[in-house]
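Both counts, for ligands and for their atoms, begin at 1 and track the order of listing. None of these values were measured; they are calculated from a predicted model.
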Amino acid sequence: MLKDRPFTFINSAMSADGKISTKKRKQVKISGKTDFDRVDGLRAGSDAVMVGIGTVLADDPSLTVKSEERRRKRVESGLDENPVRIVVDSQARTPLDADIFKKGTGKRIIVVSRSAPADRVEALSKKAEILVAGECQVDLVEMAHGLKNREINRLMVEGGATLNWGMVRSGLVDEISVFVGNLIIGGKDAPTFMDGEGILEREEAIGLELKKFEPMDEGIVLTWRVK
Ligand SMILES: NC(=O)c1ccc[n+]([C@@H]2O[C@H](COP(=O)([O-])OP(=O)(O)OC[C@H]3O[C@@H](n4cnc5c(N)ncnc54)[C@H](O)[C@@H]3O)[C@@H](O)[C@H]2O)c1
Ligand SMILES: Nc1nc(=O)c(N)c(NC[C@H](O)[C@H](O)[C@H](O)COP(=O)(O)O)[nH]1
C-alpha cells in the first residue's frame with residue numbers, strides 16, 4: 001500500500017536459475033544491449049536510484065544515466081542530469097572514492113543507522129547528504145518516509161539480493177521488473193534475486209501479479225505488480 005512513501009520498483013537481471021552474480025559476488029553480464037538501454041530509461045525516469053552497500057562494495061556502480069539525450073531531457077525539465085543516488089549503508093562503509101561520488105553530477109544520499117561510526121559518517125557527510133534511520137540496521141520504513149519528505153516520489157531499487165528482500169518484505173515495493181537471461185550461473189552461495197531471511201510457510205510468501213512479459217535480447221523481461 002502506498003502511504004507516505006515513494007512509488008517504488010525493483011529492477012534486476014538474473015540468470016535462468018535466479019542468480020544475480022557468481023558465488024564470489026563477481027558481476028556477470030546478464031543483460032544484452034537492449035536491456036541495458038531499458039534500465040537506463042528507467043533510471044532517467046526516476047527521482048532516485050538506490051542500491052545496498054553490498055552492491056557498492058562488489059560492483060562499484062556509478063548509477064548515472066548513460067544516454068546523453070536522456071540527461072539533456074532531464075536538465076531541460078529542470079532536473080539534475082542524474083537521479084539522486086542512494087546507498088543503504090547501516091555502518092557507513094561506502095568508500096570515499098566510490099564511483100557514485102566520482103562519476104556524474106547530482107545529489108547523493110547515504111542512509112546510515114544510529115550505530116554507524118561517527119568518524120565515517122562525518123567523512124561521508126562531505127560527499128553526500130546523510131539520512132539516519134534505525135538503530136543497528138537501517139530501518140527501511142523510516143527511510144522510505146524520509147525519502148518521500150525529500151520529494152523522492154519515484155524510487156528505483158537496483159539490488160542487491162539482501163536489499164531487494166528487505167524492501168519487499170517491508171511492504172515497500174509496488175512493482176518488480178526482472179530481465180531473465182539465457183545463462184545458468186549455479187552455486188548455492190551465489191546471490192539470488194532475493195536473499196535475506198526468506199519464508200517458512202506458503203502463507204508468508206509475497207504475492208505477485210504478472211503485468212507484462214517481453215522478449216528482449218536473448219532473454220525476457222518480466223514485470224510484476226506486488227499484491
Ligand atoms: N544482476 C543484477 O541486476 C544485480 C544488481 C545489483 C547487485 N547485484 C549483485 O548483488 C550482490 C550484492 O548483493 P548483497 O546481498 O551482497 O548486498 P546488497 O547490495 O543487497 O546490500 C546489502 C546490505 O545493505 C545493508 N542494509 C542496511 N539495512 C538493510 C535492511 N534493513 N535490509 C537489507 N539490507 C540492509 C546491509 O548492510 C546489507 O548487508 C553483488 O554480487 C552484486 O553483483 C546484481
Ligand atoms: N541490469 C543489469 N544487467 C546485468 O547484466 C547486470 N550484471 C546488472 N548488474 C547491476 C550492476 O551490478 C550495477 O549495480 C549497475 O547496473 C551498474 O551501474 P553503472 O553502469 O555503474 O551505472 N544489471
Does [X] [atom1] have over 12 foreign heavy atoms under 6.0 Å away?
X	atom1	answer
E218	CD	no
E76	CD	yes
K73	NZ	no

Proximal candidate to [atom] [heavy atom criterion; set [options]]:
atom	options	value
atom 35 (C) of ligand 1	R93, R169, Q137	Q137
atom 38 (C) of ligand 1	V141, T162, I185	T162
atom 24 (O) of ligand 1	D59, V138, V88	V88

Checklist line | Polar side-chain atom of R85 near backbone of S62 as donor-acceptor pair, under 3.5 Å | finding: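 Yes; at least one donor-acceptor contact below 3.5 Å.
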Note to self: Quick one: does any side-chain atom of D89 pair with a main-chain N or O of T94 as donor and acceptor, under 3.5 Å?
What the structure shows: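 Such a contact is found between D89 side chain and T94 backbone.
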Return yes or no for this condition: an N or O of [X] is under 3.5 Å from an N or O of ligand 2.
X	value
S31	yes
V28	yes
S62	yes

Note to self: With the threshold set at under 4.0 angstrom, would you say V51 reaches ligand 1 through any of its heavy atoms?
What the structure shows: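 Per 4.0 Å heavy-atom rule, V51 does not contact ligand 1.
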Check: At a 4.0 Å cut-off, with the gap strictly under it, does some heavy atom of I53 reach an atom of ligand 1?
Finding: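 Checking ligand 1 against I53, which is what was asked, there is a heavy-atom contact under 4.0 Å.
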Any idea which part of [X] is under 4.0 Å from ligand 1, heavy-atom wise: side chain, backbone, both or neither?
X	result
S12	both
E158	backbone
A161	both
I20	both

Tell me which donor-acceptor pairs under 3.5 Å the side chains of residues 13-20 have, and how far apart each pair is, sequence neighbours excluded?
{"residue": "S15", "atom": "OG", "partner": "D17", "partner atom": "OD1", "Å": "2.5"}
{"residue": "S15", "atom": "OG", "partner": "K19", "partner atom": "N", "Å": "3.0"}
{"residue": "S15", "atom": "OG", "partner": "K19", "partner atom": "O", "Å": "3.3"}
{"residue": "D17", "atom": "OD1", "partner": "I185", "partner atom": "N", "Å": "3.1"}
{"residue": "D17", "atom": "OD2", "partner": "I185", "partner atom": "N", "Å": "3.4"}
{"residue": "D17", "atom": "OD2", "partner": "G186", "partner atom": "N", "Å": "2.6"}
{"residue": "K19", "atom": "NZ", "partner": "G187", "partner atom": "O", "Å": "3.0"}

What protein heavy atom is closest to [atom], reported as residue, atom name and distance in Å?
atom	value
atom 21 (O) of ligand 1	G54 N, 3.1 Å
atom 20 (O) of ligand 2	K66 NZ, 3.5 Å
atom 13 (C) of ligand 2	P61 CB, 3.9 Å
atom 9 (N) of ligand 2	Q27 NE2, 4.1 Å
atom 10 (C) of ligand 2	D59 OD2, 4.3 Å

Would you mind reporting whether [Y] and [X] have side-chain heavy atoms less than 4.5 Å apart?
X	Y	value
M50	M167	yes
E175	T223	yes
K227	L208	no

Next item on the list: State the CG-CZ distance between N149 and R5, to the nearest 0.5 angstrom.
Entry: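 Output value for this atom pair is 14.0 Å.
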Check: Do any pairs count as a side-chain hydrogen bond (donor to acceptor under 3.5 Å, both in side chains) and have a residue in residues 197-210, sequence neighbours left out, and if so which ones?
Finding: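 Only E209-R225 qualify under side-chain hydrogen bond (donor to acceptor under 3.5 Å, both in side chains).
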If you measure from each non-hydrogen atom of [X] to ligand 2, which part falls under 4.0 Å: side chain, backbone, both or neither?
X	value
R43	side chain
K29	backbone
F36	side chain
V39	side chain
A13	side chain

Notebook entry, point to check: Salt bridge check: are R71 and D40 linked by an N-O gap of less than 4.0 Å?
Noted result: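 No salt bridge links R71 with D40.
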Check: Does a salt bridge link E129 with R108, judged by any charged N lying under 4.0 Å from a carboxylate O?
Finding: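 No.
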